[in-house]
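Here, residue 1 is the first one in the sequence, and each next residue gets the next number. Numbering of ligands and ligand atoms starts at 1, following listing order.
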Amino acid sequence: MNIVPALMQFADGSPVSTAADWTKRREELLDLLCREEYGYAPEKCAVTAEVTEINPKCAGGSAKLESVQLTFHAPKGDHTVPMHLFMPTDGKTHPLILLINFRPDPYDMYCPTEEILDNGFCFAELCYKDITSDDADFENGLAGCFDRPTDGTGWGKISLWAYAMQGALDYLLTRPEIDKNNVAVAGHSRLGKTAMWCAAQDERIRFALINGSGCGGTALEQTKHADAETYEHIHKYFGYWFCENHHKYTTQTISSVLDQHMALACIAPRFAAVGCAKDDLWADPWSEKICCTAAAPAWEVLGEKGFDGDDTQAEIGTFLHGGHIAYHLRAGIHFFSRKDWLPYMEHIKNNLK
Ligand code: GTR
């Protein structure tokens, strides 16, 4: 498949053919994605944390739950984001999954909390609206604590949500209960886009669990199928998720500049797991699979297996996990299901460092 623009080619047209080339290409791509899609995030600020409540026995008694208040000390003020942090109480360190979710409930319909803990993970949750609202208001919450560039490259909301996940990690990685080598971020839909963009930028993250992320996530724009969301649609209703520069792109004009395989590829040589539901045509599971194929050369130039699949349409029950990018397709609709979490946890367990 000939995806334009080429992933393995620098902007000046020269080839990306060594691991050292890829390191430089990744920097170039991250800069392109900041400038033309998600917007540049604010400068890193200090984050402090306070544990305000501890439930020493939760989820059947084998884990504890801490309520943590994360305070971002930003140039225009402080903003505090609550976080739930579950940790098994067996005295061992455990891999972490950090979920950015739609609701603040620790036992939410988008996460089988007890099952995640039983699988030996620490589990942290942020609610995206506690960071900043899901609308075009750039003055509330953490958004109001920074000046936002007005030259078209200023952070969209996805970028700011991802920024807050990174701030949460600053704290989480200080916790002795957490295995720092095995950190995953997860999200669904708009928050799947967010988890992907977070992992693309942050090399502390070993696993990105990217669920139903679709347009602006892991669905390749140039291959969009009938009934799929396109850039035109997303800009009309959710333009504030992206930087203003992105609004000029359509499915037709994007091809010479960027596409979503570039964002996914920035996770190389780490691990990404892409999951979708068969009836979620809006997110376009097929274009997500093509995107995995298109991103794979980034792993291959680093000597790793990229994607153990091709660009044909998947059957229900597909779980391709022989490479660093895993892909699964389950039956059903747009949702972050237990049937998504199971392959994600398996992918992590198979690839622990
Ligand atoms: C839809 C949007 C998608 C997806 C979804 C969600 O309305 O068009 O891009 O992000 O919302 O977040 O549930």
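- Within 4.0 Å of ligand 1, counting heavy atoms only, the contacting residues are F102, S189, R190, K193, E229, I234, F238, W241, W282, H334.
- For K180, the NZ atom is densely surrounded, since the number of other residues' heavy atoms within 6.0 Å is greater than 12.
- Ring centroids of H247 and F242 are separated by 6.0 Å or more, keeping the two rings apart.
- Looking at H334, its side chain never comes within 3.5 Å of a backbone N or O of L281 through a donor-acceptor pair.
- Taking the centre of each ring, Y231 and H246 come in below the 6.0 Å mark.
- Put simply, the residue from L30, V257, L7 that forms a side-chain contact (heavy atoms from CB on, under 4.5 Å) with M262 is L7.
- Checked against Y163 for a ring pair (Phe, Tyr, Trp, His ring centres under 6.0 Å), the options W197, W155, F146 give a single hit: F146.
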